[in-house]
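Okay, so here's the structure we're looking at.
Below, chain A is the first sequence line, B the second, and so on; all start at residue 1.
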Protein chains: 2
Amino acid sequence: MVKASVEMEQAAVILKLLGDRTRLTMLKLLDEHTCCVCEFVEIFQVSQPSISQHLRKLRDVGLVKEERKGQWIFYSLNKTNTYYTFLVPLLEQLPDQRYRLKELEENGTRINCC
Amino acid sequence: MVKASVEMEQAAVILKLLGDRTRLTMLKLLDEHTCCVCEFVEIFQVSQPSISQHLRKLRDVGLVKEERKGQWIFYSLNKTNTYYTFLVPLLEQLPDQRYRLKELEENGTRINCC
DNA sequence: TGCGTATATAATCATATAGTTATATACTTA
DNA sequence: TAAGTATATAACTATATGATTATATACGCA
């Protein structure tokens with residue numbers, strides 16, 4: 001029998017977090033790119049606290065990590081997290097979201113710090 | 001680029017449904033076995049309407065299908081559903097739940113109709 | 001036909017969730 | 001140090017969710 005990589009209860013917690021359009025899209029984006037809070041605010045057209053709260057939930061379970069660079073805080077996928085392998089096959093099946101970053105570049109709202 | 005197999009919005013809906021311990025365990029069980037409502041009631045120790053409502057949600061998105069056999073209604077995974085391929089790699093990573101059916105057999109509450 | 005069992009649905013309720021506004025904190029730069 | 005920008009947190013609110021109880025429906029069998 002194949003060894004299960006995650007426990008049932010934990011899996012449900014992770015999946016509940018993924019079961020939100022905003023967070024799911026964030027994770028798909030972060031799988032390839034690093035993004036800061038203000039970029040997400042621009043992309044999703046919701047308030048900055050709303051974005052911060054989504055990111056906090058993802059951070060609390062260890063799915064994403066943050067790194068401050070000057071005035072911005074950049075978020076990225078935490079690929080060393082236990083659940084990353086659980087996440088990968090899932091994210092692979094989602095449609096590419098890079099067009100959203102392209103839109104930011106066209107608007108001049110993409111942050112390319114450092 | 002790999003073709004995405006599901007749309008973002010739909011994926012979030014499915015994942016939200018999976019983000020519940022009861023439903024996730026149900027799906028893991030149904031991936032290998034057919035179960036009826038009263039078995040789930042016994043397994044999860046919640047009310048029968050609660051189980052019916054979980055199954056309804058899974059049925060509404062087409063993840064499971066039902067088949068009446070006499071007085072029982074047996075549920076199984078709908079492997080022809082669009083989202084089944086989305087589900088598979090996920091379920092594979094979950095711990096085997098067959099012990100729950102073994103417990104039913106020991107209790108004499110397992111239904112093996114026909 | 002009437003009773004028992006299995007399941008579904010309706011109504012209700014407590015709690016969780018995702019958003020908002022207001023405010024605090026942290027960094028940059030003049 | 002003061003002003004401006006970026007982010008986090010607190011408080012609040014409307015809605016969604018998962019459970020319960022009560023009731024309806026469907027089937028099997030005496």
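- The side chain of B:S47 places no N or O atom within less than 4.0 Å of a non-bridging phosphate oxygen (OP1 or OP2) of D:dA19.
- Side-chain nitrogen and oxygen atoms of A:Y75 include at least one within less than 4.0 Å of the OP1 or OP2 phosphate oxygen of D:dA8.
- Evaluation of the side-chain hydrogen bond (donor to acceptor under 3.5 Å, both in side chains) rule for A:R68 yields no partner, not counting sequence neighbours.
- Counting only heavy atoms from C-beta on, A:P49 has its side chain closest to C:dT21 among C:dT9, C:dT21, C:dT7.
- If you check residues 50-64 of chain A against DNA chain D, the residues with a heavy atom closer than 4.0 Å are A:S52, A:Q53, A:R56, listed by number.
- Looking at B:K28, its side chain does come within 3.5 Å of a backbone N or O of B:L94 through a donor-acceptor pair.
- With hydrogens and angles left out, the side-chain atoms of A:Q53 and A:R56 include no donor and acceptor closer than 3.5 Å.
- One can place CD1 of A:I111 at 14 Å from P of C:dT28, the figure rounded to the nearest angstrom.
- The interatomic distance linking A:Q45 (CD) with C:dT20 (P) rounds to 11 Å, in whole Å.
- Taken from CG in B:L87 to CG in B:D31, the straight-line distance is 7.5 Å, to the nearest 0.5 Å.
- Atom pair B:R68:CZ and D:dG28:C1' shows a separation of 11 Å (rounding to whole Å applied).
- Regarding B:F44, its CZ atom lies at a distance of 10 Å from the P atom of D:dA19, rounded to whole Å.
- Computed from coordinates, the A:I73 CD1 to D:dA6 C1' distance equals 8 Å when rounded to whole Å.
- Heavy-atom distances under 4.0 Å link DNA chain D to B:K16, B:D20, B:R23 of residues 10-30 of chain B, given in residue order.
- Spacing between atom CD of A:Q48 and atom C1' of C:dT25 amounts to 12 Å, rounded to whole angstrom units.
- The CH2-C1' distance, from A:W72 to D:dA8, rounds to 18 Å in whole Å.
- Rounded to whole Å, atom P of D:dC27 lies 11 Å from atom CD of B:Q71.
- With A:K79 contributing its side chain and A:Y84 its backbone, the two residues share no donor-acceptor pair below 3.5 Å.
- From A:Y83, atom OH reaches atom CD of A:Q10 across 3.5 Å, with rounding to the nearest 0.5 Å.
- Among the heavy atoms of the strands, none lies under 4.0 Å from B:E39.
- Note that CD of A:E103 and CG of A:L101 are 9.5 Å apart. Values are rounded to the nearest 0.5 Å.
- Of the possible polar contacts, one joining the A:Q97 side chain to the A:P95 backbone as a donor-acceptor pair under 3.5 Å is found.
- Nearest heavy-atom pair across B:M26 and B:L58 is SD-CD1, 4.2 Å.
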